[in-house]
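Throughout, protein chains are lettered first and strands after them, A, B, ... in sequence-line order, and every chain is numbered starting at 1. All values derive from a computational prediction rather than experimental measurement.
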Amino acid sequence: MIKYNPLKIEQKWQNFWEKNNTFFSKIKKNLKKYYILEMFPYPSGDIHMGHVRNYTLGDLVARYKRANGFNVLHPMGWDSFGLPAENAAISNKVHPKTWTEKNIQNMKTQLKKMGLSYDWTKELSTCSSNYYKHEQKIFIEFYKKGLAYQKETIVNWDPVEQTVLANEQVIEGRGWRSDAKIEKKRMKGWFLKITDFAEELLEDLKALKNWPEKVKLMQKNWIGKSFGAHIDFHVEEINDKITVFSTRPDTLFGASFIALSPDHKLVNKIKKNYPSLNKELKKLNLNNTNEQNLDRIEKIGIKTSLKASHPFIKNKLIPIFIANFVLIDYGTGAIFGCPAHDQRDFDFAKKYNLEIIEVVCKEENQKRKSKLTKAYTESGYLTNSDFLNGLTVNDAIEVSIKRLEELNLGSKSINYRLKDWGVSRQRYWGCPIPIIYCKNCGIQTVPEKDLPVKLPENINFQNSGNPLSSQSDWINVKCPKCSKDAKRETDTFDTFFESSWYFARFTDPNHEDAINEKQADYWLPVDQYIGGVEHAVLHLLYSRFFIKAMNRIKLINISEPFKSLQTQGMVCHQTYKNNNNEWIFPKDIRKLNDKFFSINDNQMVLPGRIEKMSKSKKNVVDPNIIISKYGADTARFFILSDSPPQRDMEWTDEGVEGASRFLNKVWQLINSNDFTNIPFQQVKHINENDFHIFSCTFKTIEKVTKAIDDFHFNIAIANIRSLFNELNLYKTETENDMIIKKFCISNFLILLNPICPHICEEAWHVINNKQSISDISWPRVDISYLDEDQITLPIQINGKRRGEIKISKSFNEKEIQNLALNHKNVSRFLNEPPKKIIYIPNKIINIVI
RNA sequence: GCGAGCGUGGCGGAAUAGGUAGACGCACUGGACUUAAAAUCCAGUGACCAUAUGGUCGUGGGGGUUCAAGUCCCCCCGCUCGUACCA
């Protein structure tokens with residue numbers, strides 16, 4: 001028998017698919033389309049296990065849908081702008097373009113070895129001007145429609161990377177890549193009006209039936225819709241007003257102070273008459289007041305000399321503070337404090353000795369004897385509140401807003417936590433923002449005929465900051481309007497810009513316009529999107545917004561990009577440390593009697609926690625090594641077999657060995673008989689054994705189909721293995737047996753094919769089926785084999801299992817009861833007649849005594 | 001703090017219109033083959049009791065509903081993820 005040689009057969013079939021354009025996709029109007037997409041990778045140079053998992057999941061779905069008669073689009077490309085290329089340019093003196101292109105070549109070679117059913121003619125790379133030129137046009141369209149604008153804001157400045165980060169890129173006050181402490185800085189930048197779509201983004205979540213609830217909830221919280229009122233507090237002294245947002249206008253009679261964010265515009269105004277204010281502001285410890293660590297610092301404020309008028313109480317003046325806990329980015333950057341009913345305000349009032357006026361109590365007309373020890377934030381009835389007295393909180397909110405509106409001092413309003421998306425990055429390796437600044441004409445967009453604005457190729461990376469800003473030959477241009485000297489925008493786009501629409505571009509990546517309407521209308525939306533849960537709010541929300549914005553400028557006809565979403569768990573591995581507390585790679589370890597030793601110096605190594613594979617902890621396994629040792633089919637099989645896709649999985653040597661052992665056994669089974677002259681057809685069963693193997697086969701088809709539809713691939717594999725065990729037990733004595741066995745093995749191979757396509761193609765070929773298994777339809781279930789006449793029925797006494805009987809389904813209830821009562825282990829419990837017998841047909845019989 | 005999810009053998013995990021808990025695999029143990037080991041094949045494998053037919057216990061803990069609970073309800077504990085002075 002020929003030995004199973006995965007490397008040889010994998011190469012063979014990969015060549016076959018490529019030569020035959022097996023996975024090339026085009027519009028076929030008579031077929032139902034299916035667009036399956038995995039999140040495209042950043043080309044770091046080498047694939048890792050996370051990629052292997054993600055792409056294996058997608059490939060299984062692609063091949064499965066294809067077998068089920070769908071017209072499948074399954075593309076792959078490269079999210080190829082981004083900082084690592086630039087860092088490599090600085091440290092290795094390689095041009096980002098050269099570095100990136102080399103990485104893409106490497107990764108593509110590695111991906112091809114996995115045998116993924118991509119249509120490589122759809123490949124795209126976002127750093128190519130053929131891709132980003134469309135992005136520039138889209139941006140200009142957005143700008144013209146008011147969806148893109150420039151403003152000065154306070155940004156998160158990463159002093160190491162010399163760039164602005166999005167809030168999402170700041171983790172606990174530190175840059176997500178550099179880990180440097182983030183500073184606040186005022187800067188001009190370009191923004192996309194995602195807030196324009198806040199309501200739509202929130203509302204449309206409801207229609208995303210096949211998205212994980214968890215992801216939808218995260219997006220909902222991120223958008224952060226709240227109902228309340230804007231309220232104006234007049235400050236007579238300076239003839240100005242402070243507008244606050246509040247969800248609790250009902251507590252206005254309990255207001256005892258106003259607090260402004262240190263970044264509030266009025267603070268600047270106050271500074272003029274208050275020279276020492278700058279000094280005092282420093283005391284607020286503002287460098288620590290980013291959103292992440294606010295809760296760890298003390299709530300402190302500066303009392304200004306100003307007072308504001310209460311909207312409802314004549315002549316009542318409320319002191320105005322500047323406080324460190326008021327956020328400029330949320331609401332209006334100013335609040336009114338009601339200490340009795342908000343814990344933050346309560347703490348603040350205690351510290352500065354401010355009034356604590358109780359205006360809501362649990363019971364109507366409740367009189368409190370003792371002082372409040374903490375804020376009362378629950379619902380109740382209004383008190384001490386003039387015209388609101390006796391109303392419930394909800395009613396009081398309505399009434400107070402109505403009164404504010406009558407007084408022209410406020411209005412009902414809805415506030416969102418969501419902020420506009422800042423897209424400017426002070427970086428070279430990104431898409432240039434197509435804007436020209438002219439002293440006379442102001443901001444000008446680059447005329448269409450001059451697009452794309454290409455990145456200059458000769459560039460010096462040795463200066464700090466954005467290399468583009470020192471590139472004078474590139475910066476200096478003529479104004480498109482007045483033709484006088486002008487300058488280019490030197491910022492480039494956030495790389496989330498590219499990934500927000502690539503899935504639409506995949507439908508025709510070489511079309512002269514951004515979107516080929518005909519192709520997009522046919523293929524979009526993406527039917528199944530698969531990727532890491534870490535993109536739950538960033539990439540997925542931006543993409544949803546982008547599609548809605550592109551829809552508004554009539555570039556696209558859909559309003560949601562991803563019909564169904566699956567998020568995969570992480571690939572984990574045991575960590576190891578040596579005596580010097582250094583991490584050790586798993587490949588440098590050998591196991592001996594449950595202990596671990598370093599291969600290099602034979603020192604004992606201690607096993608640590610099982611954690612997400614990461615380079616820093618060295619608990620990584622290189623997929624390339626696995627594939628060259630065991631083959632892609634083994635890697636694919638193992639990564640799907642042990643855990644459900646949504647959950648984290650542990651990569652183990654034993655698991656891989658197990659997968660490899662299974663495929664070797666499959667190989668043996670195929671080669672143990674000569675099937676070459678046996679026809680592939682379903683014949684009638686003659687005896688019970690034949691019936692049994694048919695029954696197993698069809699039951700397995702049914703179970704595997706359901707498991708795949710449910711995204712429970714580990715269960716699909718368990719069932720495939722069970723069928724395999726049965727096939728191994730099936731003895732072939734006659735020609736008819738051989739026909740039956742070939743039929744069942746063939747079906748087994750079709751089920752296994754989406755998981756391990758190479759070995760299945762080869763096996764299919766070995767048993768002398770002529771076509772490629774990739775062109776074979778998913779098997780149908782012959783339901784006549786699902787129903788077995790003989791079944792085993794468990795017998796319970798008082799819910800405890802005491803035995804089982806073999807019954808025929810044709811037996812009536814009386815017959816079954818008699819059989820059960822006379823069962824020898826059952827009868828010995830029956831000292832008296834049973835009180836009750838419960839029979840659930842074909843499931844169980846329970847005798848109550 | 002809030003929100004979500006999870007908790008089943010030594011391990012990964014099966015099983016929810018309530019109906020034989022532990023499928024499938026990993027690890028382990030015994031046997032076969034071998035001079036030997038590896039590989040492979042066969043058998044066993046939740047715990048405890050019993051020579052055995054069998055019995056008792058058992059799905060984080062406690063209570064409840066039911067003929068019957070991993071599954072439904074209430075309380076508690078633990079872990080993971082998300083998120084946070086959101087006014």
Shortest non-hydrogen contact from [X] toward [Y]:
X: A:L418; Y: A:A198; result: CD2-CB, 4.0 Å
X: A:V244; Y: A:A334; result: CB-O, 3.4 Å
X: A:G799; Y: A:N846; result: N-OD1, 3.0 Å

> Under a 3.5 Å cut-off on both pairing distances, which runs of 3 or more consecutive Watson-Crick or G-U pairs involve RNA chain B?
Replying inline: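 So the stems come out as B:1-7 with B:77-83, B:10-12 with B:24-26, B:28-32 with B:40-44, B:46-49 with B:54-57, B:60-64 with B:72-76.
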OP1 or OP2 of [N] sitting under 4.0 Å from any side-chain N/O of [X]?
X: A:R417; N: B:rA84; result: yes
X: A:R344; N: B:rC86; result: yes
X: A:R661; N: B:rU40; result: yes

> Quick one: does A:N719's side chain have a donor or acceptor within less than 3.5 Å of a partner on A:V704's backbone?
Replying inline: no
> So, A:N822 side chain and A:N818 main chain: donor-acceptor pair closer than 3.5 Å or not?
Replying inline: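 Here the side-chain-to-backbone pair exists.
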>> On RNA chain B, does the nearest nucleotide to A:G658 precede the nearest nucleotide to A:M218 from the 5' side, or the other way round? Give the residue.
In response: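 This one resolves to A:G658.
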> For A:R609 and A:R721, take the nucleotide of RNA chain B holding the closest heavy atom to each; which residue's nucleotide lies nearer the 5' end?
Replying inline: A:R721
> Is any side-chain N or O of A:K299 under 3.5 Å from a base N or O of B:rC85, one able to act as donor and the other as acceptor?
Replying inline: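 Between B:rC85 and A:K299, which were checked side chain against base, a qualifying N/O pair under 3.5 Å is present.
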For [X], give me all partners under side chain to side chain donor-acceptor pair (under 3.5 Å), at least two apart in sequence or on another chain.
X: A:R721; value: none
X: A:N714; value: none
X: A:D787; value: A:K809

Starting the side chain at C-beta, find the nucleotide from [options] nearest to [X].
X: A:E804; options: B:rU20, B:rG19, B:rA23; answer: B:rU20
X: A:I335; options: B:rA87, B:rU20, B:rC85; answer: B:rA87
X: A:I840; options: B:rG19, B:rA15, B:rA87; answer: B:rG19

>> Please determine whether ring-ring contact (aromatic ring centres under 6.0 Å, His included) holds for the pair A:F348 and A:F321, giving the CA-CA distance in whole Å, both sets of side-chain angles, and the decisive distance to 0.1 Å.
In response: CA-CA 10 Å; A:F348 194 76; A:F321 285 76; 5.2 Å; yes
> Does the pair A:K216/A:E213 count as a salt bridge with the N-to-O cut at 4.0 Å?
Replying inline: yes
> What is the per-nucleotide protein-contact pattern of nucleotides 4-13 of chain B, from the 5' end, where B denotes a base atom under 4.0 Å from a protein heavy atom, S denotes such proximity for sugar-phosphate atoms only, and - denotes neither?
Replying inline: S-------SS
For nucleotides 52-56 of chain B, give me every protein contact, N/O to N/O, under 3.5 Å, one pair per line with atom names.
| unit_1 | atom_1 | unit_2 | atom_2 | d |
| --- | --- | --- | --- | --- |
| B:rG54 | O3' | A:R828 | NH2 | 3.2 |
| B:rG54 | O2' | A:R828 | NH2 | 3.2 |
| B:rG55 | OP1 | A:R802 | NH1 | 2.9 |
| B:rG55 | OP1 | A:N825 | ND2 | 3.2 |
| B:rU56 | OP1 | A:R802 | NH2 | 3.4 |
| B:rU56 | OP2 | A:R802 | NH1 | 3.1 |

>> Taking the side chain as everything from C-beta on, heavy atoms only, tell me whether A:M649 gets closer than 4.5 Å to A:Q568.
In response: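 Answer no - side chains too far apart.
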